[in-house]
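Everything quoted here is computed from the prediction, not taken from an experiment. Atoms within a ligand are numbered from 1 in the order they appear, just like the ligands themselves.
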Amino acid sequence: MDDSGASSLKLESIRESLIRQEDTIIFSLIERSKFPINSRGYDESLGLVQGFSGSLARFIIEETEALQAKAGRFQNPEEHQFFPENLPPSLVPPHDYPKVLYPAAASININKRIWDLYFNELLPLFTVVGDDGNYASAVASDLSCLQALSRRIHYGKFVAEVKFRDAQQDYEPAIRTKDRDALMKLLTFENVEEMVKKRVQKKALAFGQEVSLNHNDKKVKCKVDPYVVSRLYEEWIMPLTKLVQVEYLLHRLD
Ligand SMILES: O=C(O)C(=O)C[C@]1(C(=O)O)C=C[C@@H](O)C=C1
């Protein structure tokens, strides 16, 4: 959260954070698209890393997360690990993050799903086929994409909390009867989703276009197809953010 305390929790400021996170996601996709797909970096059976059974991607991301855990990254309730098993403890003094979410919310982590989705479905949509051997650099960019996506999707916890506080009487019956469909309906704002899709498409066009000094150059070339970015939001990012909201709300009254 950008605000300093739970009392300043407003849907508007939560949405502002989601809007700012769009920039991070789009820039990270643009960075990753510099490299071709580089599939060998994700092959679990190639044995590229001596003494490690798994892909180069898994190796880099596990090791990076271990280092970031020691530096306190996952103390922040907005951050979620891809490999929570055997993470080393933080070595830095704890920061006093505002206590906005209920404590059990920490156990909601859908990164396994985000991981599978990213590598199997999303990556092929915004990278070209090919192999330039730059596996380590490509994976470093993958990690930026994964962390940006994970942070955005799990931000659903904060969105859900503020919606619950704003309309507790509407949410309580559906929470008590564990009615997922009713919760999904309550938290969905189709007009907002339409705006998100349009805005991210426009941002991808603005952030990713080739800049030319040649005035005769009328054709706009984009590093990442703006339509693909809008599709990522429509088909995966927003549905998963809503899934996190439902998971969060289901246990809100435990
Ligand atoms: O802005 C909200 O109200 C949200 O819940 C976030 C979000 C999104 O993921 O962007 C998800 C569900 C709503 O239907 C609209 C937008």
Novice: Any ion pair linking E194 and K197 (charged N to carboxylate O, less than 4.0 Å)?
Specialist: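 The answer is yes: the pair qualifies as a salt bridge.
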
Novice: Identify, by atom number and element, the atoms of ligand 1 in contact range of R15, meaning under 4.0 Å from any of its heavy atoms.
Specialist: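 Checking each atom against R15, I get 1 (O), 2 (C), 3 (O).
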
Novice: Could you tabulate the donor-acceptor pairs under 3.5 Å formed by side-chain atoms of residues 119-132, not counting sequence neighbours?
Specialist:
{"unit_1": "N120", "atom_1": "ND2", "unit_2": "D116", "atom_2": "O", "d": "3.1"}
{"unit_1": "T127", "atom_1": "OG1", "unit_2": "L123", "atom_2": "O", "d": "2.7"}
{"unit_1": "D131", "atom_1": "OD1", "unit_2": "G133", "atom_2": "N", "d": "2.9"}
{"unit_1": "D131", "atom_1": "OD1", "unit_2": "Y135", "atom_2": "OH", "d": "2.9"}
{"unit_1": "D131", "atom_1": "OD2", "unit_2": "Y135", "atom_2": "OH", "d": "2.8"}
{"unit_1": "D132", "atom_1": "OD1", "unit_2": "N38", "atom_2": "ND2", "d": "2.9"}
{"unit_1": "D132", "atom_1": "OD1", "unit_2": "N134", "atom_2": "N", "d": "2.9"}
{"unit_1": "D132", "atom_1": "OD2", "unit_2": "N134", "atom_2": "ND2", "d": "3.2"}

Novice: Is any side-chain heavy atom of R151 closer than 4.5 Å to one of N76?
Specialist: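 N76 vs R151: side chains touch.
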
Novice: Does any N or O of ligand 1 fall below 3.5 Å from an N or O anywhere on E190, backbone included?
Specialist: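 N/O-N/O distance under 3.5 Å: no.
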
Novice: Which of the atoms of ligand 1 are close to F189, meaning less than 4.0 Å from one of its heavy atoms?
Specialist: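 Answer for ligand 1: 3 (O), 13 (C), 14 (O), 15 (C).
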
Novice: For the pair R176 and D179, find out whether any cationic side-chain nitrogen is under 4.0 Å from an anionic carboxylate oxygen.
Specialist: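 Looking at R176 and D179, the cut-off is not met.
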
Novice: For the NZ atom on K70, are there more than 12 heavy atoms of other groups (residues, nucleotides or ligands in this structure) within a distance under 6.0 Å?
Specialist: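 Atom NZ in K70 is not packed in, count stays at 12 or less.
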
Novice: Which ligand 1 atoms does T188 reach within 4.0 Å, using its non-hydrogen atoms?
Specialist: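 In order of number, 14 (O).
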
Novice: Give the atom numbers and elements of ligand 1 that come within less than 4.0 Å of a heavy atom of Q245.
Specialist: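 It comes down to these atoms of ligand 1: 4 (C), 5 (O), 11 (C).
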
Novice: Which protein non-hydrogen atom lies closest to atom 6 (C) of ligand 1, naming both residue and atom, and how far is it?
Specialist: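 Checking every protein heavy atom, the shortest distance to atom 6 (C) of ligand 1 gives L18 CD1, 3.9 Å.
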
Novice: Using heavy-atom distances only, which candidate in R152, E193, Q21 approaches atom 13 (C) of ligand 1 most closely?
Specialist: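 Answer by nearest heavy atom: E193.
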
Novice: Show the atoms of ligand 1 that are less than 4.0 angstrom away from any heavy atom in T241.
Specialist: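 Reading through ligand 1 atom by atom, the close ones are 9 (O).
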
Novice: Out of M238, K242, K163, whose heavy atom sits nearest atom 4 (C) of ligand 1?
Specialist: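 The nearest heavy atom belongs to K163.
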
Novice: Please say whether the positively charged group of R165, taken as NZ for Lys or CZ for Arg, lies over the ring of Y171, i.e. under 6.0 angstrom from the six-membered ring centre and within 45 degrees of the axis.
Specialist: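 Judged by the rule, R165 and Y171 form no cation-pi pair.
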
Novice: Any protein heavy atom lying closer than 4.0 Å to atom 8 (C) of ligand 1?
Specialist: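 It does; a protein heavy atom is within 4.0 Å.
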
Novice: Is the closest basic N to carboxylate O distance between R252 and E161 below 4.0 Å?
Specialist: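 Yes, R252 and E161 are salt-bridged.
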
Novice: Would L183 and Q245 count as a side-chain contact (heavy atoms from CB on, under 4.5 Å) if you check the C-alpha gap in whole Å, the side-chain angles of each, and the deciding distance to 0.1 Å?
Specialist: CA-CA 9 Å; L183 287 173; Q245 293 189 54; over 6 Å; no

Novice: Quick one: look at I237 and ligand 1, take heavy-atom pairs under 4.0 Å, and tell me if it's side chain, backbone, both or neither.
Specialist: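 Neither part.
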
Novice: Below 4.0 angstrom from a heavy atom of V159, which ligand 1 atoms are there? Numbered from 1 as shown, please.
Specialist: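 Taking each heavy atom of V159 in turn, ligand 1 has 4 (C), 5 (O) under 4.0 Å.
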
Novice: In terms of the angle between their ring planes, are W115 and F82 parallel, tilted or perpendicular, with boundaries placed at 30° and 60°?
Specialist: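 The arrangement is tilted - the two ring planes meet at 30° to 60°.
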
Novice: Based purely on interatomic distance, does V192 place a nitrogen or oxygen under 3.5 Å from a nitrogen or oxygen of ligand 1?
Specialist: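 No; the residue has no nitrogen or oxygen that sits under 3.5 Å from a nitrogen or oxygen of the ligand.
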
